[in-house]
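This report concerns only the one structure given below.
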Amino acid sequence: MKSRSMGVRFLSLKGIALASMMVVGWVAAGVSVSAATLQDVRARGHLRCGVHIEKPGFSVTDSGGRITGFDVDFCRAIAAAIGVEARFTTLSPQQRFTALTSGTVDVLLMTTTQTMGRDTTLGVEFPFINFYGGGMFMVRRSSGVRSARELNGATICLSQGTTADQFISDYFRRNNITYRQVMYERLDDGLRAYVEGRCDVFTQDDTSLAAMRASLRDPQEHVILPEVLSKEPVGAVVRNNDPQFAAALRWIFAALVNAEETGVTQASVAETARTTQDPELQRILGRTGTLGADAGLPADWAVRAIQAVGNYGEIFERHLGRGSRFAMARGVNDLWTRGGLIYGLPIR
Amino acid sequence: MSATAERPPGPRLWRNRRVRLAVFQAGFAIALVAVAWLAYRTTADNLARRRIGVGFGFLSREAGFSLGEMLPLPVPDGRFGLFALSLVAAALVAAALKGLAGRLGSGGALAIGAALCLAVLLANRALNPGFESFAPDRSFLFAIATALANTVKVAALGIVLATVLGFLIGIARLAANPLVRGTATVYVEIFRNVPLLIQVFFWYFAVLRTLPGVRASIDVLGIAAINNRGIFLPRLVPGDAAATLVAIGLAAALLAALFVALRAPRLSLLRTGAIVLASGAAAVAGGALVLPDGFALEYPRLTGFNFSGGMVITPEYGALLLGLTLYTAAYIAEIVRSGLAGVGRGQTDAAEALGLDRAQTLRLVILPQALRIAVPPLISQYLSLTKDSSLGIAIGYPEIVSVTGQVINQTGQAIEMLVIALLIYMGLSLGVSAVLNWYNARIRWSLV
C-alpha cells in the first residue's frame, strides 16, 4: 500500500533477503551443487569467488570497476592454476556461508576465520590459511588508555558478520570487567560512530583495523591497543563435499608459499621453469612428474598461478605491505624460515 | 449424501455445485500439502547432502555475545510458573467481576483494573519471580527473547505516540484556522513523502549523534544529561517498602473506584479516572511520609568512560522511535481526516441544532463515528509500524532482524533463524490485529 518497501530492500533486510533467496535455492529441487567442482569450473570457463564488498587491502573496487586486493589475488591465482578466468561475487559476511553451500560461489576468500564450530557444523572446509590475524581494539589517544584492561565501563562499536562480538565478550568476561556495545550492520557505520564519539572503542580483526585507522582523517589521534584479543586465522572456504577441489586449493596455496621460499617471483617464474636444474622446482613447476594431473590441474598449474599474481610475499607486499598505504609488517605472516607462520607444504 | 437420494433425479454428481466445490477444495488442499512436503523433503535432503546440521538444538547453547540494549525479562523457573498462574487467576477474577462492571459504569471498570493490579502485585511479592537481563553466558534463545522485547519496546510506544500525534494532526487538517491547517498539511506532506529509512538516518546521524560528547554533556538542572550517547535520566529505585507503598496506593484507588461505582455510577470515565488516580497518588504520598524506605531517585553520574546509574534513552532507540512515530503519525493523520470527512455534514448541523458547542460536537458526535471508519486502516498502520521497526538494524538498534543476523553469523543456522524471525513477526502482527479487530467489533456493536 505504501512505498516504504524501498528502504527495507535497500538496506535493513539485505542480508536476510539474500539468505532467504538462497534458502529458496536449497528448497528448489532443481539446484544441484555438484561434488566435481574442478570439472564444473572448467566447463563453465570461470571460477566464482565470494569476496568482501569493501575491505581495504583485502578486497576493494577501484574507480575503474576492477576488484583488487590480497584475497582477490589468491582467487586469481586459483583460477589461473585451473586455467580459467576469475569472476567475483561481493558478499556480506552474513551471506557468505549460505552463498557457498547453496552453490552461488565456488570458494570464499573473504577473511573468514577458521573455527571448530564452523568447520564441524556448516558443511564447509578450510583448505588453507592465508593470513594470521587477531581481534584488536582502537581507542582515541586523548582517552589515555594504554591497555585493554583499563576499558571497564567503556562503550564499544562493532559491526555484524565478524567474530568480534564473541571475542570481546570473552575478553571482558575473562577479565571480569563490563562494557556496553553498539552493533551496526555495516562496518563503515561502526567506524563512523566511533569517530563521532558514540563509542570509546572500535574493534575489528587486525586484518582491517590498521587499514581503517590509516583511512581516518587524523590517524595519529587513534591508537591500537597492544592486546591481541583473539586468534583469527583466515583463509579460503569451500564446500566439504569435494575433497579433490579442497586439495587443489591447498596445493595451489602451497605453491605460492614454496615460490617465496625458493625465491621464484612473478617476473622470474617463466624463466625458472625453463632453466631450473633443482629437482624440487622442476616438480613444482611441472617439468617432471604428474603432480598437476594427479590433482586434476594442468601440468604447469604452479607457473600459471605465480605468473598471474606472484608468490605469497609479492601478494602481501603489494596489497598490505610496503607496496600499499598500510605498510603492514609481515609479523606472524612472514615465512617460517624467518620466524613467521607461513609454511609451504612440501610439493612432492 | 442421504439427502440427495430423496431428491428427484437431478444433475449428475459431477454437475452438483457443492460436490464440485468440495472436490476442488480437497484437490487444492492436497496440492498444498504435497508442495509443502516436497519443499521440506528437498531442503532436508539438500542440507543433509551438504552436511549442514539442522534443528533447533542450538537455541539452548551459550550465546557468547552481548547486546546493546537488554531489558530484564522474567526467567521461567518454578516461581515464574506460579507467577504466570497468579496472572491467569487474576484475569479470571476480573472476568467474573466484569458482569458487575456493566452495571457499575466507569467506576466499576477502574475498580476491576485496580484490583487486578493489586492481585498481580501481591502475587509478585509473594512469589518473587526472577527478572534477569541477558548476558553473554545466556542462551541464544534468551538473546532472541531480548531482541523481541526490544522490538516490542519501540513498537508499542511508537504506536501510542503516533496515534496521539496522528489524531491531533488529523483534526488540525480540518481546522478553521488556516495557520493550523497549513502547518498540519505541511507536516503530512513532508513526513509522508520521505522514505522512512532516510528519516531514521536523519534523526540518528544528523540530530542525535551530533549532540556533544560525554565530557561536554548538556547538563539539565544537575539531574539529567544529554550527549551523543543518549539522554540520561534519573530513575526511581524501589526500596524495601516500595511494594507496600504501591499496594497502599492501589488499595486506595480500588476503594475510590468502588465508592464512585456505588455512589455516582454515571460519572464519566475521565472524571472517575482523575478521582481514582488522585486517591491512589495521595495514599502513596501519605504512606511515603510514614515509610521512608519507599522510593529513591538515582541520578546519572559521570564515572570513567560513561554515565552510570539512572536510566538511558540511547540514540539508537530514540532515533528509531522518532522516525517510526513521526512517519506513521502522518499516515494516521490522513486516516483520521478521511474518517472525519466521512461523517456527514448533517451530523454537525444536528449537533449544533441541539446546542452542542464545537468541542462537544467533535468529541461526542463526530469522533465516535469517524473512529468506525478509521479503525480498519489504522490496524494496517500499526502492523506496518511494528514491521518497520526492523529498520533498527541500520542504526545499530538490537531488534529482531539485527539479532537474527547475529545468531546466523555465529551458528550458521540460517533456515531455523529465518523461520523463527518469520514466526515472531507473524505472531506480533496477528496479536496487534487481534486486539484491534476486537476493538473494531466492539465499537461497531455499541454504535450501530
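Every value quoted in this text rests on a predicted model; they were computed, and no experiment measured them. The basis for the numbers below is simple: all heavy atoms, side chains too, and nothing from hydrogens, waters or symmetry mates. Per chain, numbering begins at 1; letters A, B, ... match sequence-line order.
With a 4.5 angstrom heavy-atom cutoff, B:E69 does not touch chain A via any of its atoms. Proximity to chain A (any heavy atom under 4.5 Å) is restricted, for B:F307, to the backbone atoms N, CA, C and O. Residue A:I156 does not touch chain B at all, counting heavy-atom pairs closer than 4.5 Å. The contact between B:T411 and chain A is made entirely by backbone atoms, counting heavy-atom distances below 4.5 Å. Proximity to chain B is limited to the side chain of A:Y179, based on heavy atoms less than 4.5 angstrom apart. Neither the backbone nor the side chain of B:P398 comes within contact range of chain A; no heavy atoms are under 4.5 Å apart. Using a 4.5 Å cut-off between heavy atoms, A:A164 makes no contact with chain B at all. No part of B:N227 comes within reach of chain A, as not one of its non-hydrogen atoms sits under 4.5 angstrom from that chain. For B:A63, the part sitting under 4.5 Å from any heavy atom of chain A is the backbone (N, CA, C, O) and nothing else. Interface residue B:E62: only side-chain heavy atoms are found under 4.5 Å from chain A.
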Tell me, with the steps shown, if A:D200 and B:R229 meet salt bridge (Lys or Arg N to Asp or Glu O under 4.0 Å). CA-CA 10 Å; A:D200 306 296; B:R229 296 192 185 174; 2.6 Å; yes
Would you check, one step at a time, whether the test side-chain hydrogen bond (donor to acceptor under 3.5 Å, both in side chains) holds for A:D165 with B:S66? CA-CA 7 Å; A:D165 53 348; B:S66 184; over 6 Å; no
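Considering CG of B:N228 and CZ of A:R198, their distance stands at 7.5 Å, rounded to 0.5 Å. Atoms CG and CD, on A:L158 and B:Q406 in that order, are 7.5 Å from each other to the nearest 0.5 Å. Rounded to the nearest 0.5 Å, atoms CG (A:N152) and CZ (B:F305) are 8.5 Å apart. One distance of note links CZ of A:R180 with CG of B:L67; it measures 14.5 Å at 0.5 Å rounding. Separation of atoms CD1 (B:I393) and CD (A:Q160) is listed at 4.5 Å; rounding is to 0.5 Å. For the atom pair CZ (A:R186) and CD1 (B:I395), the distance works out to 13.5 Å, reported to the nearest 0.5 Å.
When the candidates A:G153, A:G117, A:A154 are compared by the number of heavy-atom contacts under 4.5 Å with chain B, A:A154 comes out ahead. Chain A forms more heavy-atom pairs under 4.5 Å with one residue of B:S402, B:A135, B:G396 than with any other, namely B:G396. Chain B forms the most heavy-atom pairs under 4.5 Å with one residue out of A:G190, A:C157, A:C199, A:S143, and that residue is A:C199. With chain A as the partner, the residue from B:S308, B:G230, B:P315 showing the most heavy-atom pairs under 4.5 Å is B:P315.
Taking 4.5 Å as the limit, some side-chain heavy atom of B:F205 sits within range of a side-chain heavy atom of A:R192. With a 4.5 Å cut-off on side-chain heavy atoms, A:R96 and B:N409 count as touching. Under the 4.5 Å side-chain criterion, counting only non-hydrogen atoms from C-beta, A:M183 is not in contact with B:Y397.
Between B:A414 and A:T98, the shortest heavy-atom contact is CB-OG1, 4.3 Å. When all heavy atoms are compared, the tightest approach of A:T155 to B:N306 is OG1-ND2, 2.7 Å. What you find for A:R173 and B:P136 is that their closest heavy atoms are NH1-CB, 3.5 Å.
For CZ of A:R141, the number of neighbouring non-hydrogen atoms (other residues, nucleotides, ligands) closer than 6.0 Å is greater than 12.
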